Amino acid sequence: MSSYQTKHPLKFRSVFISDVHLGSRSCQAGYLLEFLKLVDTEYLYLVGDIVDLWSLSQSFYWPQEHNNVLRLLLSKAKHGTKVIYVPGNHDSIFRDYVDHQFGNVELRRETIHVTADGRQLLVTHGDDYEGAIKCASWLGHVGNHAYELILKANRLANWVRTKFGKRYWSLAGYLKHKAATAVRYIERYENALIHEAARRHLDGVICGHIHRAKISREDGIQYINCGDWVESCTTVVEDEQGRLTLLQWSDRQQLLDECVLAQSAAGEVEVSYVA
Ligand SMILES: [Mn+2]
């Protein structure tokens, strides 16, 4: 029935995923499973906040789908995919075990990915570089509870949209997009990471954390944010030539080639959250 069948498997050199938040009610595990099942990749980077231990400690929530995501990741690691896990702030407990190998999964505090065309990219969740911008942060202003509320509203809105056969849409993404303070916060965050890559004489940075997918270039430094799997269902992929592309996986009926939102070659591009 699905036209995915003709596309099996989706072959990439690398896939970068962040901010999945397994164990939280907002996690879009179903979409992620759907995507991961179709993917065949040499490298799979888990760029932090894969499991949401903050959320789990407040209320335990672990449906079968969330378990299936972990099982699929481990099975990929077992069957030849090089899986590199860079923990974030919501799964920071795993930072105590970095530079160890768990089964076939490699744990790193942060790491350097070398693209097929030889560029060196810093892979980090990103929360470490928040320090300087924390005081004025959007999250600081709105607070975690308000954010949770937005995510709840988003779930409700999408439930209604599904009933009417509409595509998935991100309310939190939309609101963040609208808020001027959020824009300033995002800019500061991006600049902090670009600055860090430049300081280390690297070609760019791949991060997550702020749930805002993007591929851009600033003063010759590439900024790549994987986005998330609680609102926007985005991922960054690298092909055999080293080209990095942002994908959005939010519509079951949508073909992958229609999901391609941006190509690094095209310059600065962003995911549009507004349906
Ligand atoms: Mn984070």
Side-chain angles (χ1 to χ4, degrees), residues 15-29 32 44-59 61 66 69-70 73 84-98 107-111 113 121-151 154 170 172-173 175-177 179 181-194 196-197 205-214 223-236 246 271 273:
V15 170
F16 301 85
I17 286 165
S18 79
D19 300 86
V20 178
H21 293 267
L22 292 170
S24 102
R25 281 168 207 281
S26 310
C27 169
Q28 303 287 343
L32 181 58
L44 175 57
Y45 286 89
L46 307 171
V47 194
D49 288 2
I50 303 303
V51 180
D52 194 330
L53 293 166
W54 295 9
S55 173
L56 277 171
S57 69
Q58 280 172 3
S59 72
Y61 178 74
H66 292 204
V69 170
L70 282 192
L73 292 172
I84 303 109
Y85 181 16
V86 180
N89 50 320
H90 286 259
D91 47 9
S92 59
I93 193 162
F94 296 113
R95 284 176 174 168
D96 296 342
Y97 307 98
V98 293
L107 250 99
R108 295 272 177 250
R109 185 65 177 78
E110 50 185 37
T111 192
H113 173 71
L121 305 172
L122 172 66
V123 183
T124 177
H125 179 63
D127 58 299
D128 292 326
Y129 306 97
E130 219 185 11
I133 46 176
K134 216 161 206 164
C135 305
S137 83
W138 175 82
L139 289 171
H141 278 124
V142 177
N144 264 336
H145 287 295
Y147 186 67
E148 266 302 309
L149 210 68
I150 289 169
L151 290 182
N154 189 42
S170 169
L175 290 177
K176 267 199 252 180
H177 192 76
T181 48
V183 172
R184 275 200 300 279
Y185 170 72
I186 289 164
E187 263 171 27
R188 286 200 203 100
Y189 176 84
E190 291 173 355
N191 287 337
L193 280 140
I194 290 164
E196 183 60 22
V205 57
I206 301 185
C207 59
H209 187 52
I210 57 166
H211 297 197
R212 189 157 183 84
K214 186 175 182 180
Y223 171 86
I224 298 142
N225 195 309
C226 311
D228 64 274
W229 288 83
V230 298
E231 307 159 37
S232 58
C233 304
T234 47
T235 184
V236 170
L246 192 60
V271 175
Y273 288 103

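The model shown is predicted, which means the values in this text are computed figures rather than measured ones. Read the numbers this way: they start at 1 and go in the same order the structure lists the ligands and their atoms.
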Asks: Hey, could you give me the OH/CD1 distance between Tyr45 and Ile17, rounded to the nearest 0.5 Å?
Replies: 13.0 Å

Asks: Please list, chain by chain and in numerical order, all residues satisfying side chain to side chain donor-acceptor pair (under 3.5 Å) with Asn89, sequence neighbours excluded.
Replies: His125, His209

Asks: For Glu196, enumerate each residue passing the salt bridge (Lys or Arg N to Asp or Glu O under 4.0 Å) test, keeping only those at least two apart in sequence or located in another chain.
Replies: Arg199, Arg200

Asks: Can you list the residues that meet the side chain to side chain donor-acceptor pair (under 3.5 Å) rule with Arg109, with sequence neighbours excluded?
Replies: Asp128

Asks: Identify which protein N/O/S atoms are less than 2.8 Å from the Mn ion (ligand 1).
Replies: Asp49 OD2, Asn89 OD1, His125 NE2, His209 ND1

Asks: Given side chains that start at C-beta, do those of Phe16 and Ile224 come closer than 4.5 Å, heavy atoms only?
Replies: no

Asks: Any donor and acceptor pair, going by atom type alone, linking the side chain of Thr124 with main-chain N or O of Cys207 inside 3.5 Å?
Replies: no

